[in-house]
Amino acid sequence: MSVMFELQQVDYRYPDGRSGLQACSMSLRRAGRHAILGPNGSGKTTLLQHLNGLLRPAAGAVHVDGALMDYRRRGLQVVRQQVGMVFQNPDRQLFSAHVYEDVSFGPLNLGLDEATVRQRVAQALEAVDMTAHADRPVHELSFGQKKRVCIAGVLAMQPRALLLDEPMAGLDMPMQTELAALLDRLHAQDVTVVLSSHDMDFAYRWADDIHLMAAGRCVGSFAATALPQNTDALAAAAQPLPTAVRLHTALVGRGLLPAHPLLRSVEDVLAALPPSTPLTVASPIAGKLAP
Ligand SMILES: Nc1ncnc2c1ncn2[C@@H]1O[C@H](COP(=O)(O)OP(=O)(O)OP(=O)(O)O)[C@@H](O)[C@H]1O
């Protein structure tokens, strides 16, 4: 499996002297679904901003598609056409007065003809269910709607990789589900999706690969399916075991479920329980499962 992004021993210091990354090494394979987790201030945003050249390492190297990042103007233009970034705060990303205008900004900048721009904007708005809002002023939108417009703006560039900084934060549950489905559709089209998150349960059920950060370093990268064997790295990044793993382990311990296959969501664990499982007051786990 080929590598899309590679950080080698990257150091980054903000202008005020604060350290953002320290000897950070991470490899992200092409067309994968990647979740980056770590405590506040562990460097997730700083890392994402290195993947499309928004930030430049003080030491170490960033490779995209096997080539060293080219920080000259033309080099950065090429990378940013291919690697789209959705910021955590939509107000940092949206700068046009109207939705259509904002989403069309990128494709127009690529020099595409008007019909192609219109088609790309329509597709992107459709993908985030914002078609009905195309003519609205951006400042009238809710937080979640603004976030969708940001995502549409990036999708309209048809990137090969999508970076999303805590994309689920501030979205309601139906929108989170829709966004996860959209990310899966992009993944099915071989787009590399990299997101940062504080939601271990979501990361465990959605991601192919999990990357853990602590104090500006990558302290563990592994396939999500190998998470139960990586408890040391989870502890180093102050991350809890996913609820599905804890519940599954408890049920295995009580002889109610086999240890295999791996179950990556609470829904999957509950669905795996035989209908005859006695989840009544008499059951040792009933009190924990009952509302
Ligand atoms: N603009 C900035 N100026 C100075 N220091 C910064 C700046 N942005 C981030 N930092 C510092 O860099 C370190 C890493 O921050 P970063 O935002 O990358 O972490 P994070 O893992 O994304 O955090 P969170 O989960 O809170 O979003 C922190 O110590 C932070 O205080």
Side-chain angles (χ1 to χ4, degrees), residues 5-28 33-62 64 69 71 76 79-80 83-95 143-144 146-147 150-151 154 161-171 175-176 179-180 183 192-204 206-207 209-222 224 227 230 232-243:
F5 299 106
E6 174 124 40
L7 278 84
Q8 294 168 341
Q9 296 285 311
V10 168
D11 283 344
Y12 181 79
R13 211 165 263 287
Y14 282 96
D16 67 357
R18 204 174 288 274
S19 172
L21 295 176
Q22 280 188 69
C24 183
S25 295
M26 190 183 286
S27 194
L28 298 132
R33 284 170 292 198
H34 301 273
I36 302 177
L37 296 111
N40 288 135
S42 56
K44 302 181 295 295
T45 301
T46 310
L47 178 123
L48 289 176
Q49 293 185 352
H50 277 79
L51 301 183
N52 74 345
L54 264 179
L55 296 179
R56 183 174 186 167
V62 180
V64 181
M69 181 85 80
Y71 293 94
L76 287 178
V79 166
R80 289 185 195 151
V83 183
M85 169 113 186
V86 178
F87 290 94
Q88 193 172 347
N89 178 358
D91 289 326
R92 199 180 150 187
Q93 187 149 0
L94 301 170
F95 50 87
F143 177 88
K146 283 183 185 172
K147 199 131 191 175
C150 291
I151 295 169
V154 173
L162 188 58
L163 315 173
L164 305 106
D165 198 0
E166 294 188 36
M168 301 299 177
L171 297 184
M175 187 55 212
Q176 288 190 23
L179 179 54
L183 298 181
T192 305
V193 184
V194 186
L195 57 80
S196 69
S197 177
H198 285 286
D199 185 344
M200 177 53 89
D201 288 340
F202 164 73
Y204 185 54
W206 173 81
D209 293 337
I210 288 186
H211 309 270
L212 299 172
M213 296 197 68
R217 295 172 194 272
C218 177
V219 294
S221 276
F222 42 80
L227 181 141
N230 281 277
D232 287 353
L234 288 175
Q239 295 301 303
L241 269 175
T243 313

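Note that ligands are numbered from 1 as they come in the structure, with each ligand's atoms numbered from 1 the same way. The figures that follow rest on heavy atoms only: side chains count, while hydrogens, waters and symmetry mates do not.
Here the shortest heavy-atom distance to atom 19 (O) of ligand 1, taken over A169, G43, P15, S196, belongs to G43. The option with the heavy atom closest to atom 16 (P) of ligand 1, from among D165, L21, T46, I36, is T46. Taking only non-hydrogen atoms, the option from S42, G216, S19 nearest to atom 13 (C) of ligand 1 is S19. Nearest-heavy-atom check against atom 26 (O) of ligand 1 across D16, T45, L37, N40 picks out N40.
For atom 10 (N) of ligand 1, the nearest non-hydrogen atom of the protein is Y14 CE1, 3.3 Å. Looking only at protein heavy atoms, the nearest one to atom 14 (C) of ligand 1 is G41 O, 3.4 Å. Annotation: atom 21 (O) of ligand 1 to nearest protein heavy atom, K44 NZ, 2.8 Å.
Inter-residue side-chain proximity for D199 and M168 is flagged as unmet; no heavy-atom pair is nearer than 4.5 Å.
To the nearest 0.5 Å, atoms CZ (R13) and CD (Q22) are separated by 7.0 Å. Rounded to the nearest 0.5 Å, atoms CE (M213) and CG (L21) are 5.0 Å apart. Atom CD1 of I36 sits about 6.0 Å away from atom CG of L28, to the nearest 0.5 Å. Note: L55 CG to Y14 OH = 5.5 Å, rounded to the nearest 0.5 Å. The NE2 atom of H34 sits 9.0 Å away from atom OG of S221, with the distance rounded to the nearest 0.5 Å. The distance from the CG atom of L164 to the SG atom of C150 is 10.5 Å, given to the nearest 0.5 Å.
For E166, the heavy-atom gap to ligand 1 drops under 4.0 angstrom.
Note on ring orientation: taking the six-membered ring where Trp is involved, the planes of F202 and W206 are parallel (angle under 30°, cut-offs 30° and 60°).
In summary, the atoms of ligand 1 found under 4.0 Å from a heavy atom of R18, numbered by their order in the structure, are 5 (N), 11 (C), 29 (O), 30 (C), 31 (O). The G20 neighbourhood of ligand 1 comprises atoms 12 (O), with distances under 4.0 Å to a heavy atom of that residue. Using a 4.0 Å cut-off to heavy atoms of P39, the atoms of ligand 1 that qualify are 21 (O). If you number the atoms of ligand 1 from 1 as listed, the ones under 4.0 Å from a heavy atom of H198 come out as 25 (O).
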